[in-house]
Number of protein chains: 2
Amino acid sequence: MTQVDVAAEAADPSGADASTRAKILDVALALFTEQGFDGTSMREIAARLRISKPAIYYHFASKDDILLALHMRLHQFVRPAFERLTGQAVTLEIWGSVLDDLTGQMLAHRTIFLMHERNQAAMDKLHRTDHAVEHDDISERLRRALADPALPLRDRVRMACSLGAVFGPLFMAGGAFDGVDGAQLGSLVRDAVRDVVG
Amino acid sequence: MTQVDVAAEAADPSGADASTRAKILDVALALFTEQGFDGTSMREIAARLRISKPAIYYHFASKDDILLALHMRLHQFVRPAFERLTGQAVTLEIWGSVLDDLTGQMLAHRTIFLMHERNQAAMDKLHRTDHAVEHDDISERLRRALADPALPLRDRVRMACSLGAVFGPLFMAGGAFDGVDGAQLGSLVRDAVRDVVG
DNA sequence: GTCTATATTTCGATAGAC
DNA sequence: GTCTATCGAAATATAGAC
């Protein structure tokens with residue numbers, strides 16, 4: 001059993017003398033983001049940590065298992081925001097408050113979100129293969145909200161556009177805002193998002 | 001030499017009795033979008049066309065060469081819009097007109113844009129390896145505009161958010177707008193984008 | 001232009017010692 | 001927990017006939 005408390009992993013500081021498992025996750029996150037999941041080999045992860053490949057397999061059952069652990073990190077960050085979409089009819093106002101939270105999480109954990117976006121194919125395969133991910137998944141609830149036939153098309157489009165607006169600065173700017181203060185950036189993004197959905 | 005006129009490829013209708021080369025590109029586009037570039041093998045492409053692997057290699061020098069051809073298609077679609085960013089200082093108004101054109105292209109060629117987004121890692125590697133792509137590339141001009149220190153941070157953020165808003169309905173909706181009429185969708189997206197950048 | 005057969009490389013994963 | 005050595009599968013790409 002290589003499972004470990006998710007919160008502890010996420011709380012890992014900057015890798016001073018963190019556990020090997022946490023260090024593997026940090027390196028994998030960086031490499032998966034830069035080169036893609038399929039473009040990164042286990043050998044590469046091991047080399048950067050100056051350990052051997054089997055050492056990784058002691059901590060993770062498979063390469064997919066590493067990706068799954070990183071997916072769970074993201075899941076943990078976004079679940080609180082998206083839980084507001086269940087149990088009540090979605091309105092533009094509710095959607096706006098969801099995106100407000102989401103903006104904060106995105107800015108606090110940019111690399112994880114970027115890794116997830118740049119490896120959607122691998123993530124999809126993981127969901128098809130691994131049944132441990134179940135269908136508690138966020139993407140499904142999101143897709144259902146945006147396809148809700150009870151909503152006017154105009155509102156559905158504005159929901160999708162505002163969602164894109166939240167991630168535009170991270171996904172499409174190629175690091176143009178990397179050095180910018182998170183609070184200031186968050187304020188500007190939230191203003192722009194409100195202009196779409198407010 | 002397997003190079004062929006780019007416009008002719010893009011003009012290929014729906015694959016009735018199109019040339020083998022064009023059919024390979026169509027199948028590769030679909031598979032790269034669904035499963036990712038690295039998650040798709042040459043064997044898979046060949047099997048779906050009921051031809052053999054070497055038949056593909058007669059038309060393309062390598063797997064990367066197929067991806068490059070698809071990249072050129074996209075490049076052709078977006079270049080006119082982005083050429084407006086050269087030779088003059090970027091303003092929110094110019095940016096708005098660029099996104100206006102881009103919205104139309106995105107809706108007219110959804111799959112190509114989606115494939116490009118879902119294979120950024122492979123695309124980056126292509127740019128690093130293949131020097132035929134040169135640095136005429138769009139991504140670079142885009143990044144420079146969004147990082148332009150002559151612009152106030154607020155404007156740069158709104159540029160990034162509006163760019164994200166254009167692609168939100170395509171990238172983040174999981175096909176929730178697949179059946180929607182392009183003209184109607186375009187009108188609604190442009191309205192939302194104008195609220196950010198207008 | 002398309003085929004069968006195969007060369008070559010690389011990867012994920014495991015065996016077994018320490 | 002970590003190592004050396006290796007297995008087996010799958011992928012890209014090519015040789016050579018037709």
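Proteins come first, then strands; the chains are lettered A, B, ... in the order of their sequence lines, and each starts at number 1.
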Carefully, step by step, assess A:Phe60 and A:Arg21 under the rule side-chain contact (heavy atoms from CB on, under 4.5 Å).
CA-CA 8 Å; A:Phe60 295 93; A:Arg21 184 186 160 93; 3.5 Å; yes
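Without hydrogens or angle criteria, B:Ser187 side chain to B:Ala183 main chain gives no donor-acceptor distance under 3.5 Å.
Between the CZ atom of A:Arg43 and the C1' atom of C:dT10 there is a distance of 10 Å, rounded to whole Å. Atom CE of B:Met42 is separated from atom P of D:dA11 by 12 Å (rounded to the nearest Å). What separates CD1 of B:Ile24 from P of C:dG1 is a distance of 11 Å, to the nearest Å. Rounded to an integer number of Å, the gap from CZ of A:Phe60 to P of D:dT2 is 12 Å. Rounded to an integer number of Å, the gap from CG of A:Asp38 to P of D:dT12 is 11 Å. Rounded to an integer number of Å, the gap from CD of B:Gln35 to P of D:dA11 is 11 Å. As rounded to whole Å, 11 Å separates atom C1' of D:dT12 from atom CD1 of B:Ile56. Between B:Lys63 atom NZ and D:dA10 atom P there is a gap of 15 Å when expressed in whole angstrom units.
Phosphate contact (OP1/OP2 of C:dT2, side-chain N/O of B:Thr20, threshold under 4.0 Å): present. Between A:Tyr58 and D:dT2 there is no side-chain N or O to OP1 or OP2 distance below 4.0 Å.
Salt bridge annotation for A:Arg190-A:Asp100: present, with a cationic side-chain nitrogen under 4.0 angstrom from a carboxylate oxygen.
Set against C:dC3, D:dT4, D:dG1, the side chain of A:His59 has D:dG1 as its closest nucleotide. Among C:dG12, D:dA13, D:dC3, the nucleotide with an atom closest to any side-chain atom of B:Ser62 is D:dA13. Here the side chain of A:Tyr57 is nearest to one of D:dC3, D:dT14, C:dA13, namely C:dA13.
The aromatic rings of A:Phe32 and A:Phe37 sit perpendicular to each other, their planes meeting at more than 60°, with 30° as the lower class boundary.
Where B:Ile51 and A:Phe37 meet DNA chain C, the nucleotide closest to each residue was compared, and B:Ile51 sits on the side nearer the 5' end.
Nucleic acid contact for A:Ser41: sugar-phosphate only, since backbone atoms but no base atoms lie under 4.0 Å from a heavy atom of the residue.
B:Ala122 and B:Leu67 make their closest contact through CB-CD2, 3.9 Å (heavy atoms, listed as atom of the first residue, atom of the second, distance).
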